Amino acid sequence: MKNQDLTEEVIVIAANDAIDDFAIFREPTTGTGKGEDLRIEETVYRTWSGVSGCGAESEKTRQVKAAYEGWVSNKLFEYRHLRYKTYGHGEGQIRTSSSQEPWPSNRRSCRGSLQLPCYIIFEQP
């Protein structure tokens, strides 16, 4: 692929975190005593690709929602014996790029990637 047009964009996703400041991102922790909360924190990664539109606002929103809700659903299932208090995500980042090969092929492609720190807090019995 010679003389390829390439555009790249980096976007910061605002946190929906109402409880904690994610400026200091801690390792996952587990409660040890009775009645202590169990807080789980993980960074969710997601990638996607296509011909065009990877950086469209609707596509970015859809990818963030899918990654976040998928992670929360998995944790709710994994810890189904506990009752959750709250969940949310910190400030994340989306990178998108698109390219087009020169004539005669004019082949287009795009890619996107997402990093999103998520957390969930469960009540210990």
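Position 1 is the first residue of the sequence; numbering continues from there. Keep in mind that what you see is a predicted model, and the values were worked out from it rather than measured. All values below come from the heavy atoms of this structure, side chains included, with hydrogens, waters and symmetry mates left out.
Between the side chains of S109 and S99, a donor-acceptor pair is found at a separation under 3.5 Å.
With hydrogens and angles ignored, the 3.5 Å screen pairs a side-chain donor or acceptor of W48 with a backbone N or O of C54.
Rounding to the nearest 0.5 angstrom, the gap separating the NZ atom in K75 from the CG atom in L38 is 10.0 Å. Within the model, atoms OG1 of T47 and CD of Q63 stand 8.5 Å from one another, a figure rounded to the nearest 0.5 Å. Atom CD1 in I121 sits 8.0 Å away from atom CD in E41 (nearest 0.5 Å). Considering NZ of K85 and CD of Q124, their distance stands at 10.5 Å, rounded to 0.5 Å. To the nearest 0.5 Å, atoms SG (C118) and CD (E42) are separated by 8.5 Å.
Between R111 and T96 there is no side-chain heavy-atom pair separated by less than 4.5 Å. For the pair I40/W71, a side-chain contact is recorded, criterion being any heavy-atom separation below 4.5 Å from C-beta on. Contact check for V44 versus L114: no side-chain heavy atoms found under the 4.5 Å cut-off. Side-chain contact between N106 and Q100: present, with at least one pair of heavy atoms (C-beta onward) separated by less than 4.5 Å.
Considering every non-hydrogen atom in both G53 and C110, the closest pair reads N-SG, 4.1 Å. The shortest heavy-atom contact between L116 and G92 is CD1-CA, 3.9 Å.
Both the sub-6.0 Å distance and the 45° axial angle are not jointly satisfied by R39 relative to the ring of F122.
Taking the six-membered ring where tryptophan is involved, the planes of Y87 and Y68 are tilted, since the angle between them lies from 30° to 60°.
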*Should L76 and Y84 be marked as a side chain to side chain contact (heavy atoms under 4.5 Å, CB included) after you check the CA-CA gap, both sets of side-chain angles, and the distance that decides it?*
CA-CA 8 Å; L76 288 172; Y84 81 92; 3.6 Å; yes
_Y79 vs I120, side chain to side chain contact (heavy atoms under 4.5 Å, CB included): CA-CA, chis, key distance, verdict_ = CA-CA 10 Å; Y79 294 91; I120 189 166; over 6 Å; no
*May I have the step-by-step check of side chain to side chain contact (heavy atoms under 4.5 Å, CB included) for K60 and R62, ending in yes or no?*
CA-CA 5 Å; K60 292 183 282 191; R62 190 176 73 78; over 6 Å; no
*asked:* Determine whether L82 and E123 satisfy the following criterion, side chain to side chain contact (heavy atoms under 4.5 Å, CB included), listing intermediate values before the conclusion.
replied: CA-CA 6 Å; L82 299 176; E123 290 179 3; over 6 Å; no
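A salt bridge is absent between E101 and R108: the closest approach of a Lys/Arg side-chain nitrogen to an acidic carboxylate oxygen does not fall below 4.0 angstrom.
Within 6.0 Å of atom CZ in R46, more than 12 heavy atoms from other residues, nucleotides or ligands are found, so the atom counts as buried in its surroundings.
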